[in-house]
Amino acid sequence: MAPRFVTTIFSGAINWIRFAGIVWALVFSRNSLEAQTVQAPYFSIRCVDNETDRGVPLVELRTVNQILLVSDSAGWIAFHEPELMDRDVFFSIAAPGYEYPIDGFGNRGKTLRTTSGTSAVIRLLRTNVAERLYRITGEGIFRDSALLGLPIPYDGKLANALTLGQDSVQAVPYAGRIFWLWGDTNLARYPLGNFHTTCATSPMPGQDGFDPSQGIPLTYFCDESGQRVAKMAPDSQPGAVWLFGLLNVPDSNGRETLVAHYSRHLSLSEVAEHGLVRFDDKKRAFEKMVPLDLTESWRFPRGNAVRVDNKAGNFFYFNASFANTRVRADWSSVLDSKAYEALAYDESARAYVWQTARSPNTQAEERELIRVGKMLPEQARYQLVDGATGSAVEMHQGSVQWNPYWKQWLLIGTQIGDKNATSFLGEIWLSASAEPSGPWRTAIKIASHPNYSFYNPRQHSFFDASDGRFIFFEGTFTRTFSNAPYGVPRYDYNQILYRVDLSDERLGPLNPAAKLVQIPSP
């Protein structure tokens with residue numbers, strides 16, 4: 001017992017020494033960034049990830065008199081308050097997924113000398129596994145960097161057509177570029193902007209010097225004026241038109257074609273019509289193609305589509321909460337609702353089967369089958385549990401993609417309604433499985449957005465770096481469905497991109513065989 005007791009005491013002491021070192025680095029460190037010359041009359045503050053030295057977006061600083069400042073996508077804040085210049089000013093610090101040490105009075109913050117033309121650095125400890133990279137959509141993505149006269153990726157042309165907010169992304173490679181699609185879009189001229197789908201394109205990684213870790217140079221589809229985003233799913237009837245399940249499939253003539261499911265909504269729950277649309281390159285818009293009966297609830301492209309080529313054939317799988325519907329990856333099948341299959345539990349066979357008669361099982365249905373003894377726990381496909389605590393994780397929406405680094409399928413999804421979570425719809429989880437349809441068993445939380453929403457996450461496998469070791473995902477950051485007292489300026493109702501290093505040792509429970517070695521980020 002004595003040697004083990006001594007080892008425990010020694011280990012605890014080492015941890016405290018390490019923690020003290022982190023605190024010292026965060027609070028007292030100064031480096032060359034602080035000496036960087038910036039444009040007067042501003043005093044600049046850069047918020048930095050202590051692990052990677054990269055700027056951290058979405059860091060909120062507040063003065064004692066409640067002046068709110070939010071770091072831009074490079075982590076910069078341009079400060080100029082005439083009566084607070086050339087003074088010692090205390091800034092409280094808060095950022096989802098990042099922490100700053102707390103002082104003896106319960107405050108997290110730092111006092112800085114606000115001298116015009118100079119800079120200071122605030123180092124943050126990242127508590128998320130996922131690293132926040134930048135905001136993709138909206139106005140002023142690198143606003144503070146521009147005010148300070150600092151370099152901006154792609155000459156700052158990261159948002160045009162005065163889009164201020166965009167909801168729920170779809171993105172697929174098409175015609176040698178990436179085709180981007182969002183739902184409701186807020187515009188500068190009026191809060192009710194474009195509710196008939198907004199689209200843009202960007203280069204593929206490596207084209208035109210495009211580096212996904214720096215920012216996305218989006219080129220929006222605009223109307224005749226060239227100043228406003230175009231209605232990409234135009235409709236004269238009332239309601240918003242949303243597109244999901246976007247996929248690229250060769251048409252009957254072998255030409256690659258974008259197809260999606262459309263629904264015209266009078267409210268979140270009331271659907272007036274739905275069906276399939278295709279993108280017309282000449283008209284530069286989506287056109288209705290196949291109408292569907294309002295009673296049809298699953299036999300169409302849904303959520304996030306992913307192509308899967310395996311022994312059973314070539315399919316598009318559709319991930320809403322889970323990838324449990326599919327259709328063969330050919331033109332005639334995609335357009336035929338009778339060709340769609342769902343993964344459902346056959347109680348007589350006591351097994352999951354692909355079939356066309358009924359909708360796929362949900363997490364709740366599966367849980368009930370286990371409760372009444374009609375399914376064995378080991379047969380479950382969707383009973384996710386937290387790898388750290390063993391608590392159940394209820395999924396809302398997500399996406400599934402193949403990962404060559406782990407050689408597994410990855411699920412990234414939003415949890416819904418956990419009473420113990422810090423948000424109703426803002427906790428993001430990662431799971432892994434040998435098949436795109438699961439089973440999904442263990443999940444690790446990779447990002448948290450306390451008292452805020454971050455929904456409809458989508459992994460962009462075309463951004464994968466270092467043979468899939470680094471993966472990227474984005475989602476909608478919004479106060480909707482939360483109790484947040486205010487919307488974060490410029491960030492609210494917009495898309496934010498994250499990066500995950502799959503060599504992070506905190507992900508070990510998902511893939512014990514992975515090379516869990518910390519390697520410097522590229």
Side-chain angles (χ1 to χ4, degrees), residues 167-172 174 179 181-184 195-197 199 232-235 237 239-252 256-280 285-308 312-344 353-362 365 395-401 413 436-437 456 458:
D167 184 20
S168 298
V169 70
Q170 299 271 289
V172 298
Y174 175 70
F179 190 98
L181 178 157
W182 301 271
D184 302 343
F195 290 87
H196 290 80
T197 305
C199 296
M232 299 299 291
D235 198 306
Q237 300 299 310
V241 180
W242 299 336
L243 304 188
F244 283 99
L246 182 68
L247 54 87
N248 184 340
V249 62
D251 68 8
S252 56
E256 62 174 332
T257 306
L258 293 175
V259 175
H261 173 259
Y262 84 92
S263 54
R264 181 167 60 86
H265 285 251
L266 302 179
S267 68
L268 277 175
S269 59
E270 186 178 359
V271 179
E273 63 171 307
H274 74 141
L276 300 186
V277 292
R278 67 177 292 174
F279 182 68
D280 187 308
F286 286 90
E287 291 190 322
K288 295 178 184 179
M289 183 173 48
V290 178
L292 293 172
D293 191 276
L294 285 177
T295 61
E296 183 56 75
S297 62
W298 65 271
R299 295 179 181 89
F300 49 80
R302 304 191 305 153
N304 291 301
V306 59
R307 182 172 172 130
V308 178
N314 303 329
F315 290 86
F316 287 111
Y317 280 60
F318 303 105
N319 191 104
S321 297
F322 301 96
N324 50 18
T325 60
R326 70 182 187 182
V327 69
R328 291 196 176 273
D330 61 72
W331 182 251
S332 60
S333 297
V334 168
L335 303 188
D336 181 7
S337 62
K338 296 180 181 178
Y340 285 72
E341 301 175 341
L343 189 61
V353 295
W354 288 101
Q355 47 78 59
T356 60
R358 58 150 292 180
S359 59
N361 288 93
T362 65
E365 289 172 344
M395 279 294 177
H396 177 246
Q397 299 286 349
S399 72
V400 169
Q401 295 288 341
S437 56
N456 292 347
R458 182 182 177 103

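Values below: every heavy atom of this structure, side chains too, minus hydrogens, waters and symmetry copies.
- Atom CE of M289 and atom CG of L276 lie 5.5 Å apart (nearest 0.5 Å).
- Contact check on E273 versus K288 returns a salt bridge, with a Lys/Arg side-chain nitrogen under 4.0 Å from an Asp/Glu carboxylate oxygen.
- The line from CZ of R328 to CG of N314 is 8.0 Å long, rounded to the nearest 0.5 Å.
- Checked by atom type, the side-chain pair D336/S333 shows no donor-acceptor distance below 3.5 Å.
- Annotation: the span from L181 atom CG to C199 atom SG amounts to 4.0 Å, rounded to 0.5 Å.
- Counting only heavy atoms from C-beta outward, the side chains of R307 and L247 never approach each other to under 4.5 Å.
- Taking both residues in full, the closest heavy atoms of W182 and V169 are given as NE1-CG2, 3.6 Å, listed atom of the first, atom of the second, then distance.
- N361 and A344 make their closest contact through OD1-CA, 3.1 Å (heavy atoms, listed as atom of the first residue, atom of the second, distance).
- A distance-only check finds no donor-acceptor pair linking the side chain of Q237 to the backbone of G239 [under 3.5 Å].
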For this session: Go through the steps to decide whether E256 and R278 satisfy the test salt bridge (Lys or Arg N to Asp or Glu O under 4.0 Å), and finish with yes or no.
Result: CA-CA 11 Å; E256 62 174 332; R278 67 177 292 174; over 6 Å; no
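- Of all the heavy atoms in P301 and G245, the pair that sits closest is CB-O, 3.4 Å.
- Side-chain N or O atoms of Q170 include one that pairs as donor or acceptor with a backbone N or O of L246 at under 3.5 Å.
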For this session: Could you give me the CA-CA distance, side-chain angles and deciding distance for D167 and W242, then say whether side-chain hydrogen bond (donor to acceptor under 3.5 Å, both in side chains) is met?
Result: CA-CA 10 Å; D167 184 20; W242 299 336; over 6 Å; no
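- Checking side-chain atoms of N319 against main-chain N and O of N304 turns up no donor-acceptor pair under 3.5 Å.
- Taking CG from L243 and NE2 from H274, the interatomic distance works out to 13.5 Å, rounded to the nearest 0.5 Å.
- Annotation for F286 and V277: closest pair CD2-CG2, 3.8 Å, computed over non-hydrogen atoms.
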For this session: Run the numbers on E341 and V327 for side-chain contact (heavy atoms from CB on, under 4.5 Å), then give the verdict.
Result: CA-CA 6 Å; E341 301 175 341; V327 69; over 6 Å; no
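- Outside the 6.0 Å centre-distance limit, the rings of H265 and F195 are not counted as a close aromatic pair.
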Exercise. Hey, mind stepping through L258 and F179 against side-chain contact (heavy atoms from CB on, under 4.5 Å) and telling me if it holds?
Worked result: CA-CA 9 Å; L258 293 175; F179 190 98; 3.6 Å; yes
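- Nearest approach of S359 to A342, heavy atoms of both residues: C-CB, 3.9 Å.
- Side chain of T197 to backbone of V241: a donor-acceptor contact under 3.5 angstrom is found.
- Ring geometry for H261 versus F300: interplanar angle under 30°, hence parallel rather than tilted (30 to 60°).
- Rounded to the nearest 0.5 angstrom, D330 CG and F315 CZ are separated by 9.5 Å.
- Using a 4.5 Å cut-off on side-chain heavy atoms (C-beta onward), S337 and L292 make contact.
- Not a single donor-acceptor pair under 3.5 Å links the side chain of E270 to the backbone N or O of S267.
- For the pair R299 and Y340, the NZ or CZ position fails the cation-pi test of under 6.0 Å to the six-membered ring centre and within 45 degrees of the ring normal.
- Taken from OG in S168 to CD in Q397, the straight-line distance is 8.5 Å, to the nearest 0.5 Å.
- Nearest heavy-atom pair across P436 and Y317 is CG-CE2, 3.9 Å.
- Centroid-to-centroid, the aromatic rings of F318 and F244 stay 6.0 Å apart or farther.
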Problem set entry | L343 vs F322, side-chain contact (heavy atoms from CB on, under 4.5 Å): CA-CA, chis, key distance, verdict | CA-CA 10 Å; L343 189 61; F322 301 96; over 6 Å; no
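- Between K338 and T356, every side-chain heavy-atom pair lies at or beyond the 4.5 Å cut-off.
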Exercise. Which is it for E287 and F279 under the side-chain contact (heavy atoms from CB on, under 4.5 Å) test, yes or no, and what are the steps along the way?
Worked result: CA-CA 6 Å; E287 291 190 322; F279 182 68; over 6 Å; no
